[in-house]
Amino acid sequence: MVNSGLSPIRIGILGFGGLGQAATRVLAGKQQMQWVAVADQKGYAYDAQGLNPNRCIEVYQSQGSIGYLEPNGVLSHQSIEELVKTAPNVDGYFLALPNLPNDFMASVAKTFIRLGWKGVLVDAIKRTSAVELLLDLKEELQAAGITYMSGCGATPGLLTAAAALAAQSYTEIHSVKITFGVGIANWEAYRATIREDIGHLPGYTIEQARAMSDGEVEALLDKTNGLLTLENMEHADDIMLELAGICSRDRVTVGGIVDTRNPKKPLSTNVQVTGRTFEGKISTHTFTLGDETSMAANVCGPAFGYLKAGIQLHHRGIHGLFTAAEIMPQFVR
């Protein structure tokens with residue numbers, strides 16, 4: 001039973017790499033949400049009174065799994081399934097998981113459906129084809145009593161929602177161009193995210209990127225001086241804006257530069273929406289993110305905002321699949 005809204009929303013995080021760890025730091029400053037559950041590949045932990053971010057991160061980084069956390073951790077090869085069964089009172093989960101392989105997020109959604117869990121799920125998925133697999137589950141999610149919010153990170157997510165708002169000035173949208181700059185001091189803190197990005201490079205597939213050893217990733221980054229330049233990516237902003245009736249997906253382009261050796265962004269992240277007004281004028285709205293905001297801040301903040309919005313929908317008996325371009329996020333205090 002999802003809580004009534006008087007007590008803090010009980011949150012679980014699936015995946016405890018760079019993004020999952022950053023999500024716990026975001027939640028640490030929130031009164032309206034309490035982090036109680038977490039799973040990684042090798043284990044899980046649940047504490048109804050709340051988990052300690054610093055202790056959990058220390059255990060994960062020193063021992064390789066949250067399952068070693070005393071006294072709440074459990075080592076398991078079926079960590080997600082066992083956590084969901086162990087923690088019945090979790091209101092919503094942030095799926096801070098790498099979508100490798102491409103159907104992984106859909107398989108996680110199917111696990112929640114099969115277990116009879118009811119609540120809110122939020123992902124920060126990237127690829128169009130992965131969202132299409134989730135769309136195939138829309139009716140099953142609705143029947144299961146799950147409110148699933150997809151594409152709720154930075155892009156897709158924050159920038160897609162900004163594009164949906166900016167589009168209102170126009171009678172016709174000519175193009176939506178999303179350009180991102182990401183700076184991280186050390187790629188190993190975001191191994192899965194970087195591998196997903198490599199999967200978007202010319203000559204690489206998601207399967208190839210997933211199979212690369214850390215040494216092979218290092219060798220590629222040595223060749224590119226630590227920079228990954230990404231163009232015309234298969235990014236779900238396109239299908240999300242199409243589903244929201246903003247424009248056809250072929251008018252949406254996404255690309256950017258990831259610097260894996262420098263926390264300073266190589267360029268400012270922005271979305272440009274070009275269209276024609278009712279007076280016949282062609283114009284462009286540009287929404288630019290502050291360079292000081294990190295990838296983690298721009299992914300995790302919106303994800304929890306959309307999770308809060310999903311909780312409100314769930315309270316009203318509205319279930320199924322929604323995207324960041326359809327629903328306004330709610331600010332989490």
Point to revise | Under 3.5 Å: donor-acceptor pair, side chain of Thr171, backbone of Arg276 | key: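 Answer holds: yes.
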**Study point:** Thr293 backbone acceptor or donor facing Lys265 side chain under 3.5 Å
**Key:**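 Yes; judged by distance alone, with no hydrogens or angles, the pair exists.
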Check your understanding: Are Gln34 and Gln49 linked by a side-chain donor-acceptor pair shorter than 3.5 Å?
Key -> no
Residue pair [X] / [Y], side-chain heavy-atom distance below 4.5 Å:
{"X": "Thr24", "Y": "Phe16", "result": "yes"}
{"X": "Trp187", "Y": "Asp214", "result": "yes"}
{"X": "Arg333", "Y": "Gln31", "result": "no"}
{"X": "Asn99", "Y": "Lys126", "result": "no"}

Check your understanding: Should the pair Phe112 and Trp117 be assigned to parallel (<30°), tilted (30 to 60°) or perpendicular (>60°) ring geometry?
Key ->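 If you compare the ring of Phe112 with that of Trp117, the planes turn out perpendicular.
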**Study point:** Check ion pair Lys264-Asp291 (N to O, under 4.0 angstrom)
**Key:**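 Between Asp291 and Lys264 there is no salt bridge, as every charged N stays at least 4.0 Å from the carboxylate O atoms.
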Check your understanding: In terms of side-chain geometry, is the basic nitrogen of Lys110 or Asp136 positioned less than 4.0 Å from the acidic oxygen of its partner?
Key ->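 No.
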Review point. What pairs of residues pass the side-chain hydrogen bond (donor to acceptor under 3.5 Å, both in side chains) test when at least one of them lies in residues 243-253, not counting sequence neighbours?
Key: Glu132-Arg249, Glu242-Arg249, Ser248-Asp250
Check your understanding: Between His319 and Tyr148, is the gap from one ring center to the other below 6.0 Å?
Key ->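 Ring-ring flag for His319/Tyr148: false, centres at least 6.0 Å apart.
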Exercise for review: Flag this pair as yes if the NZ/CZ of Lys118 is under 6.0 angstrom from the six-membered ring centre of Tyr93 and inside a 45 degree cone about the axis; otherwise no.
Suggested key: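 Ring-cation test returns no.
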